[in-house]
J.: 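What follows is a structure written as structure tokens; I'll ask about it next.
As a basis for the values below, the full set of heavy atoms in this structure was taken, side chains included, without hydrogen atoms, waters or symmetry mates.
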Amino acid sequence: MNTLREDKWLYTISSKQKLINLNFKEIWRYRDLIVLFVKRDVVTVYKQTILGPLWYFIQPLFTSIIFTVIFNDLASIPTGLAPAFLFNLAGITSWNYFKECLTKTSTTFTSNQNIFGKVYFPRVIIPIATILSNLIKFGIQLIVFILFYLYYFYFLDAQIYPNSSLFLFPVLVVIMALLGLGFGMIISSLTTKYRDMTFLVQFGVQLLMYASAVMYPISFFKAKLPRMSWLVEYNPLTTVIEAFRYMTLGVGDYSIDKLLYTFVFGIVIFLLGLIVFNRTERSFIDTV
């Protein structure tokens, strides 16, 4: 009589997961797939364009010029000792990384529904690949900022000096990634049922930029609208942008307490986004 033996499966795919499920071992197993998704995001975006990767440089530069003309030359918003163009370029460079992480992650389910419906892999790989591909773009734009920084420092004798807090710059990058990833996963999960969220994100990101002190110092906002200053002051993105300006240009509202608050806020949003994302991935294919 044959005895039945339980086979020991190498992998087990189940809809039953922990509330916070981030299996690093499984994610590492699919590292080659992450590389492929990163390559797809970086290479194919401007594949059939004339200027190609030059758009990585053009977008922040032209936006900084427009902000300088409108907000500094016309509206006379002060930027302290920092040159207005560098002030705006610093804000846009840091803002762009968060914005790209948020907008690209927020379409995870709708943009990849064909892939998700055909083959299994940890769904969180797509948001992770998005964060990494945008990190490459952020690095390119950061090089542009450094080049203009050196130009203003050596050739125009601008009074700009980096300070010792610059070593905390990686913390700012992590915070922006956590915020973009967390909010993006929440919105992506809601988009599977409510397609209006797609339009709301496009509109909301524009409003959020104005509430994040991208094109003005927070001290200016406090002086002009003291009763509404809390809207900007407690915005975690404002802390990131002001801290980046302080680290590189020596201007901005910066404190370790605010940075710690923003870091904790980013972790909470990321964990919340992960919970919502994991719950949605079980049944999203039926509603997307």
Side-chain angles (χ1 to χ4, degrees), residues 20 22 24 27 34 38 60 80 82 86-105 124 127-150 160-186 205 208-209 211-219 230-275 277:
I20 299 178
L22 192 62
F24 291 104
I27 292 172
I34 295 178
V38 170
L86 268 186
F87 180 91
N88 290 315
L89 186 59
I92 291 167
T93 300
S94 50
W95 163 258
N96 277 346
Y97 180 54
F98 164 79
K99 183 196 76 173
E100 290 295 320
C101 290
L102 172 62
T103 54
K104 296 295 174 58
T105 305
V124 75
I128 291 175
T130 300
I131 295 299
L132 294 177
S133 62
N134 285 319
L135 188 61
I136 295 174
K137 301 173 188 177
F138 176 62
I140 294 173
Q141 294 183 355
L142 195 61
I143 292 174
V144 175
F145 173 76
I146 293 173
L147 291 176
F148 276 96
Y149 187 95
L150 295 175
I160 49 176
Y161 303 98
N163 50 67
S164 58
S165 60
L166 190 60
F167 78 94
L168 289 174
F169 174 72
V171 177
L172 297 183
V173 178
V174 171
I175 291 173
M176 287 187 288
L178 289 174
L179 290 172
L181 191 58
F183 282 120
M185 289 192 294
I186 293 173
V205 166
L208 185 60
M209 182 180 67
S212 302
V214 175
M215 69 291 291
Y216 56 84
I218 190 172
S219 57
W230 63 272
L231 289 172
V232 178
E233 189 173 3
Y234 290 100
N235 180 350
L237 292 172
T238 300
T239 300
V240 172
I241 293 171
E242 286 281 292
F244 180 61
R245 286 179 178 144
Y246 178 82
M247 293 174 182
T248 55
L249 305 176
V251 298
D253 186 9
Y254 169 81
S255 70
I256 293 294
D257 292 340
K258 286 185 177 181
L259 195 62
L260 181 61
Y261 150 75
T262 306
F263 184 71
V264 173
F265 186 89
I267 293 176
V268 172
I269 290 298
F270 168 71
L271 293 178
L272 180 60
L274 186 61
I275 292 172
F277 188 89

J.: Which residues pass the side-chain contact (heavy atoms from CB on, under 4.5 Å) test with Ala90, not counting sequence neighbours?
T.: Phe145, Phe244, Arg245, Leu249

J.: Taking the side chain as every heavy atom from C-beta outward, state whether Phe98 and Val240 have any pair of such atoms under 4.5 Å apart.
T.: no

J.: Heavy-atom count check: over 12 atoms from other residues, nucleotides or ligands less than 6.0 Å from Tyr261 OH?
T.: yes

J.: If we check side-chain contact (heavy atoms from CB on, under 4.5 Å) with Val38, which of these qualifies: Asn134, Leu132, Leu135, Ile131?
T.: Leu132

J.: Measuring only between side-chain heavy atoms, which start at C-beta, is Ser212 closer than 4.5 Å to Ile241?
T.: yes

J.: Report yes if the side chains of Met176 and Trp95 come closer than 4.5 Å at any heavy-atom pair, otherwise no.
T.: no

J.: Pair Val251, Tyr246 - check side-chain contact (heavy atoms from CB on, under 4.5 Å), show working.
T.: CA-CA 5 Å; Val251 298; Tyr246 178 82; over 6 Å; no

J.: Under a 4.0 Å threshold between the charged nitrogen and the carboxylate oxygen, would Lys258 count as salt-bridged to Glu233?
T.: yes

J.: Would you call Pro162 and Thr248 a side-chain contact if the rule is heavy atoms closer than 4.5 Å?
T.: no

J.: Do Val144 and Tyr149 touch side chain to side chain, with heavy atoms closer than 4.5 Å?
T.: no

J.: Is a side-chain N or O of Asn235 found less than 3.5 angstrom from the main chain of Ala211, in a donor-acceptor match?
T.: yes

J.: Can you find a heavy atom in the side chain of Phe138 that is under 4.5 Å from one in the side chain of Thr93?
T.: yes

J.: Do the side chains of Glu242 and Tyr254 get nearer than 4.5 Å, heavy atoms only?
T.: no

J.: Answer whether the closest heavy-atom distance between the side chains of Ile160 and Phe87 falls below 4.5 Å.
T.: no

J.: Compare every heavy atom of Leu237 with every heavy atom of Leu208, then report the nearest pair and how far apart it is.
T.: CD2-CD1, 3.7 Å

J.: For Gly250, does its backbone N or O pair with a side-chain atom of Asn163 as donor and acceptor, under 3.5 Å?
T.: no

J.: Ignoring hydrogens and angles, state whether a donor on the side chain of Asp257 or Ser255 is under 3.5 Å from an acceptor on the partner side chain.
T.: no

